[in-house]
Number of protein chains: 2
Amino acid sequence: MARKAGSVGEETAERVRLAALKLFAGKGYAAVSMREIAAGVGLQAGALYNHFPTKQAILADLMVAHMEALIAAWEVESRKFATPVAALEGFVRFHIRYHLSRGDEVFISYMELRNLEPENFVRIEGLRKYYEGFLRKILQAGAASGSFSIADVPVAAMALIAMLTGLNTWFRAGGRLSVDEVEEIYVKMALGSVMPGGIMQGSSDGAARGLTAAGS
Amino acid sequence: MARKAGSVGEETAERVRLAALKLFAGKGYAAVSMREIAAGVGLQAGALYNHFPTKQAILADLMVAHMEALIAAWEVESRKFATPVAALEGFVRFHIRYHLSRGDEVFISYMELRNLEPENFVRIEGLRKYYEGFLRKILQAGAASGSFSIADVPVAAMALIAMLTGLNTWFRAGGRLSVDEVEEIYVKMALGSVMPGGIMQGSSDGAARGLTAAGS
DNA sequence: GTCTATACTCGGATAGAC
DNA sequence: GTCTATCCGAGTATAGAC
């Protein structure tokens, strides 16, 4: 936030962000000192204050940037999908890929909320709610059209988001399964959890299948 | 761990655990001082060291106690269920109720792992894996019998656990929905995510429905 | 078992020279 | 913009009196 494009100091500020991101994600915000961050950039601690007024401002900057980028990315991606079913599948795939590729940002955005002053906390929480609203709208549309069988849209949205984001806590690249494989599994589980027709075997071939409602 | 039953000091130690639990859950382990914990018990900081050798020992004690109690509770509860489908429904209900009733313990056990020294970390992680194993066994049995359609049992187990535990991050008693209502929704979603028959409308009346496999 | 007092280290943040 | 030096508060943990 508030970056002066083209200025020399902005390059240093960006390196500060990167070093702080790694350290916060690895040890936790409270356990990281300004001296450590400075060392990661090759500076003395005092020099950090030319770029950020406080330690918490660095954290808030990282979180806001992450949430805004996430929202912007989905706003582009979401244009591809015409039906609620396609949109849900697209959301699952997008959320998984985006979050797995930004592990550090996701980690601090979910773990360090309580280290924010109220003003920053409210702002980040608002952005998060806004992002969750995308999924709620998809589920609402599908429930209205009969594609989904959902007892409570806000609850279903939170359940799905938690399931998807949970991937970040255990998935490691180079393990038994690839991202693509895990993504397919999650798509099936997510769709199965809200669709009256249940799990569709071999449903991973495209995003634009039309599904008519099938009551219980 | 290592409690001397009946001793006078154990009462104080228990009060220390309680105060530390509340503080760790509220502000984060790293942000809580021994002075704060002592004040919560009505002691001076130095007196804490009569009961715990270090600050981290308090954290590890709380985590181990939580995980062992959780495992013991499920080992009792699990005897009630005869089929994989009933066991999965029972697990979902148990996990939700147990975790929502121990919000503080759950919170620190998931958030403060990185503040543990390797020895303690390995121990807690082992207990967590052991608990997750309960769900894996249920899913494996159901997949073998044809009740479930699961592409990968370990992945499905992690996805379900994340969905269930995620409840703790947003559910608040006294809100729009009761625990019972949310529990029903999660049961349907969890079963729907792994059952080829999909969501069963009105499936919340009991835990022992027999379900025969129904392929796609 | 608890107290007071304190050793020792480290934290965030600032001032002023260059 | 970065450096060195420093302020000042707070951290964990210990020592010894009671």
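Just so we're on the same page: letters track the sequence lines, and every chain starts at 1. Owing to the predicted nature of the structure, the values given are computational and were not obtained by experimental measurement. Side-chain atoms are counted along with the backbone in the values below, which use heavy atoms only and exclude waters and symmetry mates.
- Contact between A:N168 and A:H99 at its shortest, heavy atoms only, is ND2-O, 3.0 Å.
- Of all the residues in residues 34-50 of chain A, A:M34, A:R35, A:G46, A:Y49 reach under 4.0 Å from DNA chain C with at least one non-hydrogen atom.
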Q: Run the numbers on A:E117 and A:N120 for side chain to side chain donor-acceptor pair (under 3.5 Å), then give the verdict.
A: CA-CA 6 Å; A:E117 286 159 15; A:N120 287 325; 4.8 Å; no
Side chains of residues 64-72 of chain A: which donor-acceptor partners sit under 3.5 Å, not counting sequence neighbours?
none

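- Sparse packing is recorded around CD of B:E119, with 12 or fewer heavy atoms of other residues, nucleotides or ligands lying under 6.0 Å away.
- Distances from the side chain of A:S33 to the nucleotides C:dG12, C:dT2, D:dT2 place C:dG12 closest.
- The list of ring-ring contact (aromatic ring centres under 6.0 Å, His included) pairs with a residue in residues 31-50 of chain B, not counting sequence neighbours, is empty.
- Atoms NZ (B:K27) and C1' (D:dG11) sit 12 Å apart, rounded to a whole Å.
- Between A:T54 and the phosphate of C:dG12, there is no side-chain N or O to OP1/OP2 separation shorter than 4.0 Å.
- Going from atom CD of A:E11 over to atom C1' of D:dT2 covers 16 Å, rounded to whole Å.
- Taking the centre and axis of the six-membered ring of A:F24, the NZ or CZ atom of A:K55 falls outside the cone set by 45° and 6.0 Å.
- For B:L59 and D:dT12, the CG to P distance is 13 Å, given to the nearest whole Å.
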